[in-house]
Asker: 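Please find one structure pasted underneath; my questions will follow.
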Amino acid sequence: MSSLENLTVKTPERVAFDYQVAGLGSRFVAMLIDSVVLLLGLLIALGVVLVTARATGSVTITVIIAIILALLIVFGYFWASETFTSGYTVGKYAIGLRVVDDRGGPLTFSQSGIRNLVRLVDFMPPFYGVGVLCMFISASGKRLGDFAAGTIVIRERGGGVRLSSLASGVNQAAELGAPRLDPADAALVRSIDAPMRKFLTMYDERAPSLDGATRVRLATVAADRLQQLVPGVFQSAGPLAALDRLAWMLRAEIGG
């Protein structure tokens with residue numbers, strides 16, 4: 001794997017996370033899958049247009065409705081999918097790809113909107129000529145939409161398994177039980193500063209692909225803050241259990 005195929009992001013806690021940048025081949029396959037989904041949506045829209053044409057008898061109204069529906073389906077599908085599923089579309093999820101902020105954070109609503117509005121330029125000439133050329137030239141595999149939005153497409157490692165399915169180094173599930181986000185926990189999570197929230201979010205997302213030693217190292221780096229935030233867990237089960245617990249609490253608080 002060459003260095004051009006990897007993205008290393010340093011968090012505010014001075015911890016580096018390594019991401020594998022998605023290649024042209026995997027993105028092409030994901031796009032093919034998404035195209036099938038879009039085709040199904042457009043076929044449904046065609047049915048709506050035909051019904052409207054029969055009901056109104058107006059060519060102008062039919063054309064306007066057809067254009068609006070097509071734009072909503074094509075742009076809305078990518079925008080809504082990536083926004084509400086943290087960077088996935090059906091195709092990306094199937095192949096194991098994800099869109100993230102190029103600084104390592106989660107994709108935002110505005111970033112998804114920008115990258116997908118610029119998709120029209122990337123698509124020209126037909127079949128993503130500009131986009132493919134841009135990705136080929138870019139060291140990080142970005143198309144124009146990614147440059148405009150400050151995003152990048154990465155390959156997920158870990159098969160989509162989330163932190164909630166992992167046992168910590170001290171068997172957190174058995175020793176601590178399933179953590180519950182009671183009002184006190186919710187208030188604690190809301191008090192976490194932005195740099196620590198970003199660190200926890202990135203850890204939660206990357207934990208399935210990290211080995212035990214790396215996870216322990218990350219917990220050690222953030223030990224002081226972990227001890228301040230969850231002193232009970234920290235003292236009884238150690239920094240890794242505290243990190244896992246706090247990451248779970250943050251995800252639960254934001255509805256993950």
Side-chain angles (χ1 to χ4, degrees), residues 6-21 79-88 98-116 140 142 145-154 156-158 162-164 166 168 172 179-210 214-235 237-256:
N6 288 278
L7 170 70
T8 300
V9 177
K10 292 185 177 180
T11 73
E13 301 290 335
R14 297 190 299 275
V15 176
F17 285 85
D18 181 66
Y19 291 94
Q20 182 180 346
V21 177
W79 195 342
S81 295
E82 293 177 353
T83 297
F84 297 111
T85 60
S86 300
Y88 295 107
R98 184 183 178 198
V99 185
V100 297
D101 181 280
D102 60 11
R103 292 166 296 183
L107 183 71
T108 66
F109 178 80
S110 60
Q111 284 179 312
S112 179
I114 292 171
R115 78 184 301 272
N116 286 302
S140 53
K142 290 187 174 188
D146 291 312
F147 279 110
T151 58
I152 192 167
V153 180
I154 63 170
E156 291 275 67
R157 286 173 285 189
R162 296 304 302 270
L163 182 59
S164 56
L166 296 174
S168 71
Q172 178 184 348
R180 297 178 180 177
L181 203 61
D182 57 29
D185 287 340
L188 170 65
V189 173
R190 288 193 293 271
S191 71
I192 299 175
D193 56 84
M196 189 62 180
R197 290 177 75 95
K198 184 171 183 179
F199 171 76
L200 291 170
T201 299
M202 294 176 68
Y203 170 76
D204 185 28
E205 294 172 349
R206 302 302 298 166
S209 64
L210 300 176
T214 300
R215 293 172 65 204
V216 169
R217 179 173 62 85
L218 293 174
T220 302
V221 169
D224 290 342
R225 289 290 289 133
L226 294 172
Q227 187 170 18
Q228 293 173 3
L229 292 167
V230 282
V233 178
F234 187 93
Q235 293 172 9
L240 179 56
L243 178 57
D244 284 349
R245 169 93 177 202
L246 204 56
W248 185 94
M249 289 166 61
L250 177 61
R251 177 154 45 88
E253 189 267 342
I254 63 177

Asker: What's the separation between atom CZ in Phe84 and atom CZ in Phe109, rounded to the nearest 0.5 Å?
Answerer: 6.5 Å
Asker: Under a 3.5 Å distance rule, please check whether Ser81 uses its side chain to pair with a backbone N or O of Tyr88 as donor and acceptor.
Answerer: no
Asker: Could you grab the distance from atom CZ of Arg215 to atom OG1 of Thr220, nearest 0.5 Å is fine?
Answerer: 12.5 Å
Asker: State the CD-CD distance between Gln227 and Gln235, to the nearest 0.5 angstrom.
Answerer: 6.0 Å
Asker: From Leu107 CG over to Thr85 OG1, what is the distance, rounded to the nearest 0.5 angstrom?
Answerer: 9.0 Å
Asker: Do Asp185 and Trp248 touch side chain to side chain, with heavy atoms closer than 4.5 Å?
Answerer: no
Asker: Let me see the working for Arg225 and Leu246 under side chain to side chain contact (heavy atoms under 4.5 Å, CB included), right down to the final yes or no.
Answerer: CA-CA 11 Å; Arg225 289 290 289 133; Leu246 204 56; over 6 Å; no
Asker: Does any non-hydrogen side-chain atom of Met196 lie less than 4.5 Å from one of Leu226?
Answerer: yes
Asker: So, Ser191 side chain and Leu188 main chain: donor-acceptor pair closer than 3.5 Å or not?
Answerer: yes
Asker: So, do Met249 and Leu229 sit near enough that their side-chain heavy atoms are less than 4.5 Å apart?
Answerer: no
Asker: I need the minimum non-hydrogen distance between Thr151 and Gly145, along with the two atoms involved.
Answerer: OG1-O, 4.3 Å
Asker: From Lys142 NZ over to Asp102 CG, what is the distance, rounded to the nearest 0.5 angstrom?
Answerer: 3.5 Å
Asker: Assess whether side chain to side chain contact (heavy atoms under 4.5 Å, CB included) is satisfied between Asp146 and Ile152, documenting all intermediate values.
Answerer: CA-CA 6 Å; Asp146 291 312; Ile152 192 167; 5.8 Å; no
Asker: Tell me, do Leu200 and Leu243 make a side-chain contact under 4.5 Å, heavy atoms counted?
Answerer: yes
Asker: Please identify each residue that fulfils side-chain contact (heavy atoms from CB on, under 4.5 Å) with Ala223, with sequence neighbours left out.
Answerer: Phe234
Asker: Distance check, rounded to the nearest 0.5 Å: Arg190 atom CZ versus Ile192 atom CD1?
Answerer: 11.0 Å
